[in-house]
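Every chain is numbered from 1, with letters handed out A, B, ... down the list of sequences.
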Amino acid sequence: MFALIDCNNFYASCERNFDPKLVGKPIVVLSNNDGCVIARSEEAKQLGIQMGAPAFQCQEQFDKHGVEIFSANFTLYGDMSRRVMSILSKYSPVQEIYSIDECFLDLNGIDEDLSQYGLKMKKQVDLFTGLPISVGIAPTKTLAKAANRIAKKFPKQTRGVHVIDTDELRLKALKWLDIGDVWGIGRRSAAKLHKNGVYKAIDFIKLPESWVLKNMTIVGLNLQKELKGLPVIEMEREEKHKSISTTRTFETDYHSFDQLKERIVTFTTLCADKLRRQNSLCKRMSLFIKTNIHKETRTQYSKSIDIKLPFPTSSTLELIEFAVEGLTSIFKENLHYKRAGVTLSDFVDADQHQLSLFFNSNPKHEKLMQAVDEINQKYHKNLIRVATTDTQTFKMKQARLSPCYTTNIDDVIKVKIG
DNA sequence: TCTGGGGTCCTAGGACCC
DNA sequence: TCTGGGGTCCTAGGACCC
């Protein structure tokens, strides 16, 4: 059996957690630059505020109902996530952290009544962090997702925990579940399935396997098996990322090469930091620049470049060199740039990689980077930095940023009590 | 005026190999 | 006149997730 545990309205719950005045009020959290709605409390959902809606289009609604608005505070959410995950990790030897607010647990070998077990998790997370969670338990990961959905939809009947452990319960769930709400079925597949008369998950498992394979690839077929109760999707045990990216929409348009260069160099630095933290080297880097797609009257330009590195590296200095070279080759003058990003991929372990015959990462950089990382960790995030980067790492509009309650002592002192 | 960010997986088609 | 077949690797793009 697998459990899928997730936090209810995670970002909104984190904000509410530290300010009791917010209990019972509609809360929304906005994306970077305060652009779109990316999280809503239950009350905000009731008002009909849509996920992903541009904030400026919702302003009237916000004013009318006194919606509490927050700029995304990922430092806070990340820290709360670590706490929740750490508690849940005690409930199984095998945990897969699936997203910032979700994890799977392998419950094989757990002897207790699973419903009680789920309730115990919920109580402990609430006691230690104050965050509400929902628990779905079933024989496959896809069914655990479905069970979780039921737990969330019917909090009174389920108390936030739902277990699918018989065929009867499985079929009952599939009759209730819309096909578009199945984990792995997106808009495109849902539309295709609707055309073929499939509206509920139960209709989907009745389709011939050959049709599913032909029209939805192996992914669709695996999904179908999972809904039938046959486990196909396994627990992911690798904790290292396979790619790392930093991308941003700018608050204003950028025109010059130097402005973009500063951003690309800063993004590269952030990616390299993350890369070293997971003790990897990368063999590939890609970067892109884009104009504002919402300004249709202006000249549009979107270009990316993929760079195969001559040797694996995690040196910020070396990566920056490649990044600037890449940017030079795709940059065009006289345009209004609005977005850019850097992605590192093709990782190898730092401890056990093959040296190249002709080109290798500068061996001095390894120690240099280690020293820089240690100093920055000890004193201040950007105490030592490459001169091309801006001290203001994120140039974003964050008009309503909450304090980093759990990670920044200065922030905590600033919070007014009462 | 104002429109997010970070991931994973699969497939088709081209380039290349023998 | 008649010009193969099997395989791998790479990459762009699509689809999906939260």
Side-chain angles (χ1 to χ4, degrees), chain A residues 4-11 28-40 50-60 62 69-74 77-78 81 96-104 141-142 145 148-149 180-193 213-223 232-234 236 238-253 267 270-271 274 278 283-284 286 288 290-296 302-308 336 338-347 394 396-399:
Chain A
L4 184 274
I5 300 108
D6 77 349
C7 302
N8 305 347
N9 314 323
F10 182 55
Y11 298 166
V28 299
V29 177
L30 305 182
S31 62
N32 284 340
N33 283 318
D34 294 345
C36 297
V37 173
I38 55 165
R40 305 156 296 160
Q50 293 300 307
M51 183 71 172
F56 72 92
Q57 287 176 5
C58 303
Q59 198 53 53
E60 214 171 295
F62 293 166
I69 305 157
F70 289 91
S71 305
N73 183 345
F74 291 112
Y77 312 149
S81 168
E96 175 190 337
I97 297 176
Y98 179 68
S99 76
I100 192 163
D101 75 330
E102 265 179 71
C103 74
F104 287 100
K141 287 170 87 175
T142 309
K145 271 280 196 183
N148 179 285
R149 205 176 184 85
D181 291 336
V182 171
W183 184 45
I185 300 288
R187 292 164 76 136
R188 301 298 279 263
S189 302
K192 194 185 283 180
L193 288 165
L213 181 62
K214 193 172 161 223
N215 291 281
M216 301 175 67
T217 77
I218 189 76
V219 182
L221 193 58
N222 285 342
L223 214 55
V232 179
I233 305 172
E234 294 179 352
E236 198 74 56
E238 180 61 68
E239 77 287 2
K240 289 186 180 179
H241 285 137
K242 294 171 181 170
S243 70
I244 291 171
S245 26
T246 306
T247 66
R248 288 289 179 279
T249 300
F250 313 136
E251 200 187 343
T252 56
D253 291 350
F267 297 166
L270 289 165
C271 287
K274 274 198 197 171
Q278 71 163 39
K283 294 193 290 184
R284 179 180 298 272
S286 65
F288 73 85
K290 266 186 204 309
T291 51
N292 192 340
I293 55 164
H294 299 292
K295 297 247 170 75
E296 287 162 15
S302 168
K303 186 86 180 162
S304 72
I305 183 167
D306 206 47
I307 305 160
K308 203 173 168 183
H336 305 266
K338 185 69 173 167
R339 253 171 77 70
V342 172
T343 301
L344 305 180
S345 56
D346 262 23
F347 299 156
F394 297 109
M396 292 186 303
K397 187 175 159 202
Q398 291 184 305

Checking [X] now: which residues fulfil side chain to side chain contact (heavy atoms under 4.5 Å, CB included) with it, not counting sequence neighbours?
| X | value |
| --- | --- |
| A:Lys240 | A:Glu238, A:Gln278, A:Asn279, A:Ser280, A:Asp349 |
| A:Arg284 | A:Asp306, A:Lys308, A:Ser345, A:Asp346 |
| A:Gln57 | A:Pro54 |
| A:Ile305 | A:Leu287, A:Ile307, A:Ser329, A:Ile330 |

Tell me what [X] touches on the nucleic acid: a base, only sugar-phosphate, or nothing, going by heavy atoms under 4.0 Å.
| X | result |
| --- | --- |
| A:Leu30 | nothing |
| A:Val182 | sugar-phosphate |
| A:Ser189 | sugar-phosphate |
| A:Ile100 | nothing |
| A:Lys192 | nothing |
| A:Ile293 | nothing |
| A:Phe74 | nothing |
| A:Lys242 | sugar-phosphate |
| A:Glu102 | sugar-phosphate |
| A:Asp101 | sugar-phosphate |

Euclidean distance, A:Leu223 CG relative to A:Ile218 CD1, rounded to 0.5 Å: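 So the gap between those two atoms works out to 11.5 Å.
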5' priority, DNA chain B, between A:Phe250 and A:Asn222 [closest heavy atom]: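 This one resolves to A:Phe250.
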Residue mapping more 5' on DNA chain B - nearest nucleotide basis, A:Glu236 or A:Gln57: A:Gln57
Those residues that, when tested against A:Arg339, pass salt bridge (charged side-chain N to carboxylate O under 4.0 Å, His left out) (two or more places apart): none
Partners passing salt bridge (charged side-chain N to carboxylate O under 4.0 Å, His left out) against A:Asp34 (at least two apart in sequence or in another chain):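 In terms of salt bridge (charged side-chain N to carboxylate O under 4.0 Å, His left out), with neighbours along the sequence ignored, A:Asp34 is linked to no residue.
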Strand DNA chain C as a dot-bracket string - pairs counted if Watson-Crick or G-U with both distances under 3.5 Å, | where the partner lies in another strand: ....||||||||||||||
Terminal contacting nucleotides, 5' and 3', DNA chain B versus chain A (heavy atom, 4.0 Å):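 Under 4.0 Å from chain A, the extent on DNA chain B is B:dC2 to B:dT11.
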Six-ring centre of A:Phe104, A:Lys141 cation under 6.0 angstrom, axis tolerance 45°: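 Satisfied, under 6.0 Å and within 45°.
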By side-chain hydrogen bond (donor to acceptor under 3.5 Å, both in side chains) - contacts of A:Asp253 (at least two apart): A:Arg298
